[in-house]
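Single-structure report; data block below.
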2 protein chains.
Amino acid sequence: MAITIKDVAKEANVSPSTVSRVIADNPRISEETKIRVREAMEKLGYHPNFTARSLAVKSTATIGIVMPFSASHVLQDPFFPEVIRGISVQAREHKYGMYLSTAGTEEEIFEEVVGMVQGRRVDGLILLYSRTDDRVIKYLQKIDFPFAVIGRPVLGAERVIHVDNDNIYITKVVTEYLIGLGHTNIAFIGFDGDFVFMLDRLEGYKQALSESGIPFNEDYIVHKSTLSKGKEAIKSFLRSVESPTALVCTDDFIAIELMSHFEEMNIRVPEDVSIASFNNVLLAQYSKPALTSVDIDIFQLGMQGASCLLEKIKDPNVLPKRITIPAKLIERKSCAQIK
Amino acid sequence: MAITIKDVAKEANVSPSTVSRVIADNPRISEETKIRVREAMEKLGYHPNFTARSLAVKSTATIGIVMPFSASHVLQDPFFPEVIRGISVQAREHKYGMYLSTAGTEEEIFEEVVGMVQGRRVDGLILLYSRTDDRVIKYLQKIDFPFAVIGRPVLGAERVIHVDNDNIYITKVVTEYLIGLGHTNIAFIGFDGDFVFMLDRLEGYKQALSESGIPFNEDYIVHKSTLSKGKEAIKSFLRSVESPTALVCTDDFIAIELMSHFEEMNIRVPEDVSIASFNNVLLAQYSKPALTSVDIDIFQLGMQGASCLLEKIKDPNVLPKRITIPAKLIERKSCAQIK
DNA sequence: GTGAAAGCGCTAACAA
DNA sequence: TTGTTAGCGCTTTCAC
């Protein structure tokens, strides 16, 4: 059996509670006994039992990370490791641990969340996604459990802590950039699914068009899955009504995949079609041509998310807030003036 | 205050121990009372407290994942999400949770591990790396704590559960493939650091040369950091003694980065230099030219690792074993017959 | 088949 | 400044 606080107490000739106080570095314990107790701990190789402590203080010092794996097929890029890296920096600083929940379907996610919350496995939750009409968010709100979301909750965002880019704005900037290069036939390539960041980007795209007096054309909105059906789908898209001369891609990986197809089809980037995309993954600069992409600062997204959550955990009275992480368009070689 | 077992007991007019037995689905409880108790649980919205349960049964039903973040800068590619996806499938099947430890330095990692183990936060550990002479492994072995490593422990591998590719073999295959194409000036591009998979790949490379009677040339071993110093470094390397006509790259991302530099330098792949690399990331097929790469089946690595660990946790007597995940060379367009 | 009681290892009043 | 005591919520002998 492992060393407990009692063993240490006996060794140091004090009571268990004194040992407990030494662990907490309680100021009302004399330096002498502190030293004596610490020596005993050292000698016996004592380590506090986290579970017991959690039970007693009703706090686990761990935050749960909810990561939808259905999405992560899609988000194959460095988003996930990077956001976790951001979270871990804060967690570590506050001596919090991270508990990972990776479920597939919405149903599974919901169950895991309920388990984590009710089972008191975590003190707070950070959701790495946001979809429209999310059951999990509603639940957490109802029971008033501390959580933060990376992204924008679509309903009642005013009442939830969240950190996000201003996707509408930045996509507008991107689209206007393309418009500035003379493009008017601009397509929008997104994921399937009801992720909010997608909707926001679409909205920004629409706003830019609208403000420039370019009519919105439903045919220019394409989902990745459509294009993934193969070259034929891409061809038929490009030859549609009026073929687009520029693309707003919601993800670098889609852009890179597309460029690869384009090459085989002898469509030149950026001469024939300009491409601007999102995330600015490491590889964006190495693609041919180097990809013009929006740096959304994934690390910050994670770090600020964790920071807000921790704040809320420590003080349940902190008000809901939204933090906006600046995104920046990184111009490279994949966009050109229209001929 | 949340609903406890006592509340349920009261509601159902039984004792707390009976409720506990119902939770465990103990066969000695009559169906009637089971039903009655379950109704009470339902009615009150009871959820078992995980921490309390852990304390009582001395088991946490969670596995710890140790992920060195210093390495993950290097392993920017999908390795990390993918291996976790593999782990999570097993964890979920066994109703285990995942606790994530992300530390930077060896020292930090060690401390986190000790904390997790002694603090009894986890029932077992899975190490996502293996470096030479690892302190963590020694420690875990000494205290006989269940763990599995993804990769090959360099010392006493016979006594530790691990899952790995046969890196020596597969790299030999890759190198021989290049030799078969007529190359003799073959360089090896690796990471810095003392990761075992690197050493193994280097070994396989050497073996292939040796068996084909090609002398080994130290100048052909290059670390990524050297090349990252910029184009000058690459140029001087390629113009060294006898410039290589083929490259064995230990990572797709390095290969892709390199190819990007090559293009600017008007070095053609594969005409001037052939490149074969590792990991077979999604993007490998979309690079120009499509990258010949080794598929190491990261998902399996994670899944089998978790599976072994869980086995060990459930039965401490299972013997140490090594599982080898087959790796496969995927031929694409980045290697050509030497002229 | 069910209940009473002790205990998992720790913390936190309350005393002293 | 320190010890005593009573939990935290659950499991698990040992009785009945």
Side-chain angles (χ1 to χ4, degrees), chain A residues 1-41 44-62 95 97 115-123, chain B residues 1-38 40-41 44-62 95 115-123:
Chain A
M1 201 66 286
I3 321 298
T4 78
I5 216 171
K6 282 186 191 167
D7 303 317
V8 177
K10 207 167 289 171
E11 176 74 24
N13 258 310
V14 293
S15 77
S17 45
T18 301
V19 177
S20 174
R21 289 183 184 113
V22 173
I23 293 172
D25 203 19
N26 188 317
R28 329 199 300 190
I29 297 290
S30 75
E31 276 311 314
E32 308 170 62
T33 48
K34 272 188 187 172
I35 291 173
R36 197 147 42 88
V37 170
R38 286 196 183 116
E39 273 170 2
M41 297 198 304
L44 301 180
Y46 170 79
H47 275 265
N49 181 317
F50 219 87
T51 311
R53 172 163 221 288
S54 294
L55 184 60
V57 300
K58 294 172 174 305
S59 140
T60 59
T62 109
K95 299 200 182 307
M116 289 164 91
V117 170
Q118 305 279 15
R120 247 122 295 166
R121 270 180 122 123
V122 299
D123 292 349
Chain B
M1 201 64 290
I3 322 296
T4 77
I5 216 171
K6 282 186 192 169
D7 303 317
V8 177
K10 207 165 289 171
E11 177 74 24
N13 258 311
V14 293
S15 76
S17 41
T18 301
V19 177
S20 174
R21 288 184 184 111
V22 173
I23 293 172
D25 204 18
N26 187 318
R28 327 199 300 190
I29 299 290
S30 75
E31 276 311 314
E32 307 169 61
T33 47
K34 273 188 186 172
I35 291 172
R36 196 147 41 87
V37 169
R38 288 198 181 115
M41 298 198 304
L44 300 179
Y46 169 79
H47 274 265
N49 181 318
F50 219 87
T51 310
R53 171 162 222 287
S54 293
L55 185 60
V57 302
K58 295 172 174 305
S59 141
T60 59
T62 110
K95 300 200 180 308
M116 289 163 92
V117 171
Q118 305 280 13
R120 247 123 292 166
R121 271 181 121 123
V122 299
D123 292 349

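Every chain is numbered from 1, with letters handed out A, B, ... down the list of sequences. Nothing here was measured: the structure is a model prediction, and the numbers come from that model.
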> Between T18(B) and L55(B), which has a closest nucleotide on DNA chain D that is more 5'?
Replying inline: L55(B)
> Does OP1 or OP2 of dC10(C) have a side-chain N or O of K58(A) closer than 4.0 Å?
Replying inline: no
> Between atom CD1 in I29(A) and atom P in dT11(C), what is the gap in whole Å?
Replying inline: 13 Å
> With sequence neighbours excluded, what pairs up with Q118(A) under the side-chain contact (heavy atoms from CB on, under 4.5 Å) test?
Replying inline: V114(A), R120(A), Y139(A), H47(B)
> Taking the side chain of A52(A) as heavy atoms from C-beta outward, which of dT4(D), dC10(D), dC10(C) is closest to it?
Replying inline: dC10(C)
>> If you compare all heavy atoms of A9(A) against all heavy atoms of P16(A), which two are closest, and at what distance to 0.1 Å?
In response: CB-N, 3.6 Å
>> Tell me the interatomic distance from D25(B), atom CG, to dT2(C), atom P, rounded to whole angstroms.
In response: 13 Å
>> side chain to side chain contact (heavy atoms under 4.5 Å, CB included) for I23(B) and R53(B)? Distances and angles first, verdict last.
In response: CA-CA 11 Å; I23(B) 293 172; R53(B) 171 162 222 287; 5.6 Å; no
> Can any side-chain N or O of T60(A) pair as donor or acceptor with the backbone N or O of D123(A) at less than 3.5 Å?
Replying inline: yes
> Given atom CE of M41(B) and atom P of dG9(D), what is their separation to the nearest angstrom?
Replying inline: 17 Å
> Using a cut-off of 4.0 Å on non-hydrogen atoms, how would the nucleic acid contact of Y46(B) be classed: base, sugar-phosphate, or nothing?
Replying inline: sugar-phosphate
> Taking only N and O in the side chain of T51(B), is any of them less than 4.0 Å away from OP1 or OP2 of dC8(D)?
Replying inline: no
> Which nucleotide in the set dT11(C), dT12(D), dC8(C) lies at the smallest distance from any side-chain heavy atom of V57(B)?
Replying inline: dT12(D)
> So which nucleotide from dG9(D), dT11(C), dA4(C) ends up closest to the side chain of S17(B)?
Replying inline: dA4(C)
> Among the nucleotides dT2(C), dC10(C), dC10(D), which one has an atom lying closest to any side-chain atom of P48(B)?
Replying inline: dC10(D)
>> Of the listed nucleotides (dC8(C), dC14(D), dG9(D)), which one gets closest to any side-chain atom of R28(B)?
In response: dC14(D)
> Which nucleotide in the list dC10(D), dT2(C), dG9(C) gets nearest to the side chain of T33(B)?
Replying inline: dT2(C)
> What integer distance in Å separates N26(A):CG from dC14(C):C1'?
Replying inline: 15 Å
>> Quick check on dG3(D): is either OP1 or OP2 less than 4.0 Å from any side-chain nitrogen or oxygen of S15(A)?
In response: yes
>> In this structure, how many angstroms lie between the P atom of dT12(D) and the CZ atom of R53(B), rounded?
In response: 7 Å
>> Just the rounded figure in Å: distance from C1' of dT11(C) to NZ of K6(A).
In response: 13 Å
> Does a side chain donor of either S15(A) or T18(A) reach within less than 3.5 Å of an acceptor in the other side chain?
Replying inline: yes
> In whole angstroms, how far is the C1' atom of dT11(C) from the CZ atom of F50(A)?
Replying inline: 14 Å
>> Around atom NZ of K34(B), are there more than 12 heavy atoms from other residues, nucleotides or ligands closer than 6.0 Å?
In response: yes
> What does V14(B) touch in the nucleic acid at a heavy-atom separation under 4.0 angstrom: a base, only the sugar-phosphate, or nothing?
Replying inline: sugar-phosphate
> Can you find a donor-acceptor pair, distance only, under 3.5 Å between R21(B) side chain and dT13(D) base?
Replying inline: yes
> Under 4.0 Å: is that the gap between some side-chain N or O of T4(B) and OP1 or OP2 of dG9(D)?
Replying inline: no
> Separation of I3(A) atom CD1 from dG9(C) atom P, in whole Å?
Replying inline: 11 Å
